[in-house]
Amino acid sequence: METPDNATAAESLTGIAAQDWATASAEPQYRAAVVDLLGALAYGELAAFERLAEDAKLAPTLADKAELAAMASAEFHHFERLRDRLAAIDVEPTEAMQPFAAALDGFHRQTAPSDWLEGLVKAYVGDSIASDFYREVAVRLDADTQALVLAVLDDTGHGNFAVEKVRAAIEEDPRVGGRLALWARRLMGEALSQAQRVVAERDALSTMLVGGVADGFDLAEVGRMFSRITEAHTKRMAALGLAA
C-alpha cells in the first residue's frame with residue numbers, strides 16, 4: 001500500500017488518541033471498532049498479497065516479475081502482523097476478517113484487470129484509496145493501535161514502480177493514457193462505494209467515524225474526509241500522467 005500525499009486531519013492527541021490499548025479497550029464499543037478495523041485491514045493485506053502474486057504472472061519481464069513478487073511478500077508480512085495482533089488481544093483472526101471477505105472479494109471481481117498495466121493502476125490507485133481511508137481513521141485510534149495501522153500501511157514500493165511503468169507505456173503509446181484514465185476513474189468509484197458500504201454495515205466502525213467513541217468525528221467531517229481522499233486520488237492520477 002502507498003503512503004498518501006494528503007495530511008491527516010487531527011493535529012493534537014486528545015481522548016482515545018492519547019490513550020494506550022489497555023486503557024482504551026476498556027470501552028466495549030471502541031474495542032469492537034478496533035477488531036473490525038484490524039479484521040478489514042488483515043483481509044485487505046491478504047487479498048493484496050494474492051493479487052500481486054497473480055499480477056506477477058502478467059509481468060512482461062523477469063525483473064518485473066521479481067519486483068512484484070517482493071511486493072507481494074511485503075504485503076503478506078503486513079498481514080502476519082495484523083493476524084498476530086488480533087490473536088494477542090484474544091480475537092480469532094479468521095473470525096475478525098470474515099465479515100469483510102465478501103465485500104472485498106466482490107470489489108476484486110468487479111475490477112479484475114485485463115492486462116499488466118491495468119493491474120499496476122489498480123494496485124496503485126485502489127490500494128492507495130484504501131490506505132488513505134485507514135489513515136484518516138487512524139488519527140482517532142489509541143496510540144498502540146495507531147502505530148500498528150500506520151506500520152502496515154507503509155509503502156511496499158509499488159507506487160514508484162507503477163508510476164514508472166505506466167508513464168513509460170503512455171510515452172510509448174499515448175492512446176494507452178485514455179484507456180487507463182477511464183479504468184482509474186472506475187476504480188475510484190468502486191473503492192469509495194465499497195468503503196462507505198463496509199462502514200455502514202458495521203455499527204462499531206460507523207460510530208467511530210460519526211461520533212461516540214471517535215472524539216468528535218461528525219458527519220460533516222466524514223464528508224471532508226472523503227474530499228481529502230478524492231484530492232489525493234487526483235494527485236496520484238497526475239503522477240501517473242493520467243487525467244482525473
Item to complete: Please step through side-chain contact (heavy atoms from CB on, under 4.5 Å) for the pair Thr230 and Met188, ending with a clear verdict.
Response: CA-CA 8 Å; Thr230 301; Met188 177 67 173; 3.5 Å; yes

Item to complete: Begin from the C-alpha positions of Trp183 and Thr111 and carry the test side-chain contact (heavy atoms from CB on, under 4.5 Å) through to its verdict.
Response: CA-CA 9 Å; Trp183 172 244; Thr111 58; 4.2 Å; yes

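- Taking the side chain as every heavy atom from C-beta outward, Arg179 and Leu242 never approach each other to under 4.5 Å.
- Between Leu120 and Leu180, the closest side-chain pair of non-hydrogen atoms is not below 4.5 Å.
- Put simply, the side chain of Thr145 never gets that close to the backbone of Leu141: no donor and acceptor are under 3.5 Å apart.
- Residues Met71 and Leu58 are members of one and the same hydrophobic cluster, defined by side-chain heavy-atom contacts under 4.5 angstrom among Ile, Leu, Val, Met, Phe, Trp and Tyr.
- Between Ala40 and Leu104, the shortest heavy-atom distance links the atoms O-CD1, 4.1 Å.
- Looking at Ser73, its side chain never comes within 3.5 Å of a backbone N or O of Ala69 through a donor-acceptor pair.
- A donor-acceptor pair under 3.5 Å links the side-chain atoms of Lys65 to the main chain of Ala56, judged by distance alone.
- Judged purely by distance below 3.5 Å, without hydrogens or angles, the side chains of Asn160 and Tyr124 never pair a donor atom with an acceptor atom.
- In terms of heavy atoms, Arg31 sits closest to Val91 at NH2-CG2, 3.8 Å.
- Of all heavy-atom pairs spanning Gln146 and Ala138, the tightest one is NE2-O, 2.8 Å.
- The main-chain N or O of Ile16 is never found under 3.5 Å from a side-chain atom of Asp142 such that the two would form a donor-acceptor pair.
- Phe79 is listed as a side-chain neighbour of Arg83, based on a closest heavy-atom distance under 4.5 Å.
- Ser193 has its side chain out of reach of Phe107: every pair of non-hydrogen atoms, C-beta onward, lies at least 4.5 Å apart.
- Hydrophobic clustering (side-chain heavy atoms under 4.5 Å, transitive across Ile, Leu, Val, Met, Phe, Trp, Tyr) groups Val163 together with Val166.
- Looking only at side-chain heavy atoms (C-beta outward), Met225 and Phe133 come within less than 4.5 Å of each other.
- Heavy-atom minimum distance, Gly39 versus Met97: O-CG, 3.4 Å.
- By the 30° and 60° cut-offs, the orientation of the rings of Trp116 relative to Phe161 is perpendicular.
- Considering only heavy atoms from C-beta on, Arg186 stays 4.5 Å or farther from Leu182 through its side chain.
- For the residue pair Asp55 and Gly119, the shortest heavy atom distance occurs at OD2-O, 3.9 Å.
- Test Arg236, Arg51, Lys122 against Asp127 for salt bridge (charged side-chain N to carboxylate O under 4.0 Å, His left out) and you get one pass: Arg51.
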Practice prompt. Report the C-alpha distance between Lys165 and Asp64 in whole Å, list the side-chain angles of each, state the deciding distance to 0.1 Å, and finish with yes or no for side-chain contact (heavy atoms from CB on, under 4.5 Å).
Written response: CA-CA 10 Å; Lys165 297 296 180 180; Asp64 291 336; 3.0 Å; yes

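- Ile89 and Val152 fall within a single hydrophobic cluster, where Ile, Leu, Val, Met, Phe, Trp and Tyr side chains are chained together by heavy-atom contacts under 4.5 Å.
- A donor-acceptor pair under 3.5 Å is formed between the side chain of Ser25 and the backbone N or O of Trp21.
- The shortest distance between side-chain heavy atoms of Arg228 and Asp132 does not fall below 4.5 Å.
- Side-chain contact check for Arg81 versus Leu38: every heavy-atom pair is 4.5 Å or farther apart.
- A pairwise comparison of heavy atoms in Arg167 and Gly241 identifies NH1-N, 3.3 Å as the closest pair.
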Worksheet item: Please walk me through it: do Val137 and Val149 pass side-chain contact (heavy atoms from CB on, under 4.5 Å)?
Response: CA-CA 10 Å; Val137 176; Val149 168; over 6 Å; no

